[in-house]
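This report refers to the structure that appears directly beneath it.
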Amino acid sequence: MTVIGTGYLGATHAICMAVLGYEVLGVDVDPRKVEALASGAVPFYEPGLPEKLTEALESGRLRFTTSFDEAAAFGDVHFVCVGTPQAPGSHAADLRYVESAFAELAKRIDRKALLIGKSTVPIGTAERLTEMVHGLSPIGQELELAWNPEFLREGFAVKDTLHPDRLVFGVASAWAEAQLRAAFSPILEAGTPLVVADLASAELVKVAANSFLATKISYINAMAEVCEATGADVQVLAQALGYDDRIGSRFLKPGLGFGGGCLPKDIRAFKHRAEELGVGQAVAFLGEVDAINTRRRTRTVDLVRELAGGSLKGVRVAALGAAFKPNSDDVRDAPALDVARLLYLEEASVVVYDPEANENAHKAYPDLDYADSLAEAVSGAQVVVLLTEWQQFRDADPEHLGALVANRAVVDGRHALDADRYRAAGWEYRALGRPTASTTVRLVEHESDSVALTLS
Ligand SMILES: NC(=O)c1ccc[n+]([C@@H]2O[C@H](COP(=O)([O-])OP(=O)(O)OC[C@H]3O[C@@H](n4cnc5c(N)ncnc54)[C@H](O)[C@@H]3O)[C@@H](O)[C@H]2O)c1
């Protein structure tokens with residue numbers, strides 16, 4: 001099999017498939033990525049993946065190339081995993097990379113093969129690409145197309161790839177289904193539930209799942225806004241709601257909300273596509289979900305400003321976290337960096353520290369200052385704001401941090417710190433949706449939901 005596009009999704013897929021025993025050729029247009037992977041280096045932070053890459057390379061079953069000629073000659077099935085970012089100046093998905101990858105393969109493949117899209121795309125894309133592929137291919141309709149949406153979460157990518165909750169095969173023929181079954185046989189044999197669907201349903205599963213999860217996060221954050229206006233405590237509320245089996249506690253965790261390279265752009269593209277299809281009203285609520293999520297960022301800045309005494313000008317703020325969630329160095333649409341940027345725009349002196357994402361953050365926001373350690377970041381800070389809930393920040397000792405800061409004031413943007421411990425150590429502690437003097441409430445923690453919980 002080939003895997004076209006070896007970013008987060010594609011590299012993980014290629015590596016795991018080779019570990020499972022398949023002969024895999026990874027293809028990317030970025031020669032630096034190809035070189036790094038071929039030399040055994042994963043170009044992003046993903047726990048457990050470097051070890052799997054070593055294992056796969058040592059098995060001799062995994063290679064990388066930039067050549068589509070080589071890919072077309074090599075594969076019986078081709079997984080397309082290229083990016084589908086938000087289009088510039090629009091909420092639509094930018095499909096140029098997907099179109100280019102399918103076209104480059106279609107022009108070259110000269111024996112019966114299956115092209116499988118894994119990228120997240122607007123509904124109707126697979127059908128449109130099928131026509132394009134048939135038009136370009138020297139073997140016409142012998143070149144088939146299927147869609148196999150991917151649900152892996154960064155930070156849990158290896159586990160999610162090898163042991164997914166379910167597999168979804170969007171197919172147009174029994175032959176395509178058989179190819180997909182063969183391509184995932186070890187995972188299916190392990191008892192993984194499989195849903196075989198038409199192409200449109202397969203495309204829709206992915207965006208519908210992300211929309212549901214985004215809605216659940218924004219729902220509790222909307223309740224946080226109501227709490228802020230009434231003196232109620234959103235943590236108490238989340239705890240009480242979560243005990244209801246019909247609601248459940250997962251993703252019902254208030255805070256700074258979701259970000260990353262998938263969720264925000266996926267719900268926007270879904271809404272955009274639904275409008276094109278004439279069913280915009282059905283998902284109009286996703287606009288609210290997005291707006292609630294974005295408001296959490298400005299509201300976090302409000303809390304920092306309040307703790308700073310009303311103005312941020314010249315105030316030294318330690319911004320803890322830059323990645324869109326812990327266990328990742330991905331800063332695409334990261335709420336943490338957005339907050340840091342907003343603080344900077346109000347002329348705060350912001351020092352950012354993230355255990356893994358400083359380098360990517362610096363590339364995205366070179367104007368911000370970056371520290372090399374937690375201690376360096378908080379030294380002399382007038383306000384500390386927790387923006388990404390890395391374990392290191394959860395575990396930090398409030399007494400120890402208190403000795404380093406200029407002023408014991410903390411905004412807990414992720415509801416991740418022990419409010420009672422911080423207050424006992426003389427800190428002024430604030431969190432979104434919580435009254436000023438509220439005590440710690442233990443929300444159920446699912447490590448894999450770490451926020452904003454995760455997904456993609
Ligand atoms: N990252 C995730 O956790 C995740 C999870 C599920 C689904 N997805 C979806 O998977 C897709 C890829 O996401 P990602 O996060 O891996 O993106 P990414 O930006 O990390 O990787 C995309 C890769 O595709 C390469 N590429 C671009 N055009 C190419 C072409 N024509 N031929 C070959 N390679 C090409 C890029 O160089 C890059 O390495 C997106 O649709 C995304 O929504 C991502």
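Atoms within each ligand, like the ligands themselves, are counted from 1 in listed order. By convention here, the first residue in the shown sequence is residue 1.
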Worksheet, complete the sentence: Any heavy atom of Lys265 under 4.0 Å from ligand 1? The part involved is side chain
Discussion item. Please compare Asp330, Val121, Asp30, Val29 and report which has the shortest non-hydrogen distance to atom 30 (C) of ligand 1.
Written reply: Val29
Discussion item. Using the salt bridge (Lys or Arg N to Asp or Glu O under 4.0 Å) criterion, which residues pair with Glu225? Sequence neighbours excluded.
Written reply: Arg295, Arg296
Worksheet item: Do NZ/NE/NH1/NH2 and the carboxylate oxygens of Lys33 and Asp28 come within less than 4.0 Å?
Response: no
Worksheet item: Nearest non-hydrogen atom to atom 25 (C) of ligand 1 belongs to which of Leu152, Asp28, Leu263?
Response: Asp28
Fill in: Closest contact, heavy atoms only, Cys81 versus Ser119
C-OG, 3.5 Å
Item to complete: Would you mind checking if Asp266 and Arg332 are paired as a salt bridge, meaning a charged N to carboxylate O distance below 4.0 Å?
Response: no
Item to complete: May I ask which of Ser119, Ala157, Cys81, Pro43 has a heavy atom nearer to atom 12 (C) of ligand 1 than the others do?
Response: Cys81
Discussion item. Using heavy atoms and a 4.0 Å limit, tell me yes or no: is Phe44 in contact with ligand 1?
Written reply: no
Worksheet item: Listed by chain and number, what are the salt bridge (Lys or Arg N to Asp or Glu O under 4.0 Å) partners of Glu70, not counting sequence neighbours?
Response: Arg63
Worksheet entry | N-O pairing of Arg32 and Glu35 below 4.0 Å | no
Fill in: Polar proximity ligand 1 side, Tyr8 side, N/O cut 3.5 Å exclusive
yes
Fill in: Per-atom contacts of ligand 1 with Ile4, taking only distances under 4.0 Å to non-hydrogen atoms
32 (N), 33 (C)
Worksheet entry | Aromatic ring proximity Phe270/Phe212, centre distance under 6.0 Å | no
Discussion item. As a check for students: among Arg96, His13, Arg332, identify the option with a heavy atom nearest to atom 17 (O) of ligand 1.
Written reply: Arg332
Worksheet item: Do we see a donor-acceptor contact under 3.5 Å between the side chains of Glu46 and Thr12?
Response: no
Worksheet entry | Numbered atoms of ligand 1 (with element) below 4.0 Å of Glu150, judged on heavy atoms | 6 (C), 7 (C)
Worksheet entry | Leu9 N/O to ligand 1 N/O under 3.5 Å | yes
Item to complete: Return yes when Gly261 approaches ligand 1 closer than 4.0 angstrom through a heavy atom, no otherwise.
Response: no
Fill in: Contact atoms of ligand 1, heavy-atom distance to Ser100 under 4.0 Å
31 (N)
Discussion item. Taking 4.0 Å as the limit for heavy-atom contacts, which would you say applies to Phe102 with ligand 1: side chain only, backbone only, both, or neither?
Written reply: neither
Worksheet item: Is Arg153 near ligand 1, meaning one of its heavy atoms is under 4.0 Å from it?
Response: no
Discussion item. Is the distance from the ring center of Tyr365 to that of Tyr344 below 6.0 Å?
Written reply: no
Worksheet entry | Parallel, tilted or perpendicular: rings of Phe102 and Trp147 (30°, 60°) | parallel
Discussion item. Can you confirm, on distance only, whether ligand 1 has an N/O atom lying under 3.5 Å from any N/O atom belonging to Lys118?
Written reply: no
